[in-house]
Amino acid sequence: MNPSIKAYRSAIIHSTADPALVGLENSYQYFADGLLVVEDGHVKAVGEAAELLPTLGDDVTVTEYHRSLITPGFIDTHIHFPQTGMIASYGEQLLDWLNNYTFPAENEFSDEHHAHDVADRFLTELMRNGTTTALVFGTVHKESVDAFFETAEKYNLRMIAGKVLMDRNAPDYLLDTPESGYKDSKELIERWHGKGRLHYAVTPRFAPTSSDEQLAIAGQLLHEYPDLYMHTHLSENQKEVEWVLELFPERESYLDVYKHFNLLSERSVFAHGIHLCDKECQQLSDSGSAIAFCPTSNLFLGSGLFDLKKMEQMEVNVGLGTDVGAGTSFSILQTLNEAYKVMQLQGEKLHPYKSLYLATLGGAEALRLNDKIGNFEVGKEADFVVLDEQATPLMDYRMQQVQSLDERLFVMMTLGDDRSIFETYAAGRCVYQRG
Ligand code: GUN
Ligand code: ZN
């Protein structure tokens with residue numbers, strides 16, 4: 001037996017480029033009867049089973065799936081693990097929702113037992129939904145981030161997270177200071193950044209909850225450790241935008257606040273970006289920053305409709321985010337379902353090949369991890385999902401009517417959710433199996 005090599009036989013699809021750059025038909029590879037060969041947690045080969053099977057030794061185990069589709073693991077570019085227990089909280093838009101529900105829930109994370117319990121539930125939920133990489137908010141407490149990374153390390157997931165920086169305009173019990181925020185972040189960076197598959201993100205919550213001093217310190221951390229991420233919120237809600245302009249009267253726009261403190265770079269990810277002017281879009285594009293498009297959250301909080309077409313035209317990197325707990329599902333498939341509707345409301349179409357790209361390679365590119373994950377290029381880490389096309393009686397029946405690959409993908413993205421995830425693999429190891 002050669003236990004280090006394993007092969008998986010199924011229909012297989014993966015993105016190879018952004019359809020906006022190469023056209024829909026050049027943006028993916030599909031193998032109707034495909035084989036994914038994995039060695040030591042990395043992709044060794046992908047292609048038609050008929051071609052690859054004869055190249056394998058007799059001792060290699062081949063796992064076969066029927067009426068299934070293998071895709072790369074899904075990538076969630078914006079989510080809050082401490083909000084797992086308060087998802088689906090009724091009635092408010094952003095600022096009241098934060099005050100009434102979010103801040104009290106985050107207060108519980110000074111207790112490390114609670115933080116561990118929620119981190120495990122959260123990561124289990126991601127794996128149940130086929131998500132293998134996420135960019136994750138903790139709380140202001142450093143214990144929350146230790147708990148998160150300890151749990152992610154256990155499952156060997158590629159994860160990015162950070163301690164929230166917030167030193168004003170929130171309840172006292174959730175505030176840090178510029179000095180303590182710096183010290184705690186630094187301690188976490190030293191402990192976790194680059195350990196196994198883990199990365200650290202400097203995480204100011206959003207402009208209203210950090211003083212000038214604290215935003216400057218966020219910039220200083222990024223300067224001290226050039227390969228850190230920067231993760232925050234931007235221009236989600238009209239009242240929030242007005243508030244930022246009142247708090248920073250000397251800045252010309254919301255994004256200009258972050259720009260002033262040197263927080264824009266290729267490793268910066270801004271959640272939402274709904275109410276941006278052209279100049280802000282251009283600055284995002286010029287700096288190589290990314291936006292996390294979070295449709296379920298934007299609909300749930302009544303924040304607005306994200307203009308994906310404009311971001312394409314202005315060459316802004318975009319990934320997909322669930323933004324749980326303002327988002328209403330951990331499922332990237334359900335997030336794509338809602339993304340499609342957000343586009344419909346603006347008279348635009350979201351093609352299933354673009355959706356596949358956003359959920360996988362596009363997310364990897366937004367996170368600058370496309371040399372490691374996002375598709376099945378040889379040598380990349382073997383993070384993948386086995387999707388079941390018979391997950392529900394309705395999906396089974398609807399799939400029997402499909403005429404084309406894009407229709408089949410579209411049905412999966414519209415009707416699919418956690419029930420469609422048969423198995424999830426991280427670095428070649430099965431981390432979730434349905435039932
Ligand atoms: N803006 C600042 N904090 C948050 C948060 O926790 N969720 C969302 N959706 N927006 C925010
Ligand atoms: Zn968020």
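In each ligand, atom 1 is the first atom listed, and ligand 1 is the first ligand listed.
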Less than 4.0 angstrom from a charged side-chain N to a carboxylate O is my criterion; do Glu187 and Lys142 meet it? yes
Which atom of Ala17 lies closest to which atom of Val22, heavy atoms considered: CB-CG2, 3.7 Å
Do the numbers put Arg267 on top of the ring of Tyr229, so that NZ or CZ is under 6.0 Å from the six-membered ring centre and no more than 45° off the axis?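 Checked: cation-pi criterion met.
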Do any of the N, O or S atoms of His233 sit under 2.8 Å from the Zn ion (ligand 2)?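 It does: His233 brings an N, O or S atom closer than 2.8 Å to the Zn ion (ligand 2).
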Do side-chain atoms of His80 reach the backbone of Pro82 as a donor and acceptor pair under 3.5 angstrom? no
Has the side chain of Arg158 got a donor or acceptor atom that lies under 3.5 Å from a matching backbone atom of Thr133?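 It does not hold such a pair.
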Applying a heavy-atom distance cut-off of 4.0 Å, which protein residues contact ligand 1? His80, Gln83, Leu94, Trp97, Leu98, Arg205, Phe206, His233, Glu236, His272, Asp323, Ala326
Report the name of the N/O/S atom of Asp323 located nearest to the Zn ion (ligand 2).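 Looking at Asp323, the N, O or S atom with the least distance to the Zn ion (ligand 2) is OD1.
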Can you find a side-chain donor-acceptor pair between His233 and His231 that sits under 3.5 Å?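 No, His231 and His233 have no side-chain donor paired with an acceptor closer than 3.5 Å.
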Before moving on, can you tell me the angle at the Zn ion (ligand 2) between the NE2 atom of His78 and the NE2 atom of His80, to the nearest 10 degrees?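 About 110°, to the nearest ten degrees.
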Give the ring-plane orientation class for Phe384 versus Tyr425, where under 30° counts as parallel, over 60° as perpendicular and anything between as tilted.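 The rings of Phe384 and Tyr425 lie parallel, inter-plane angle below 30°.
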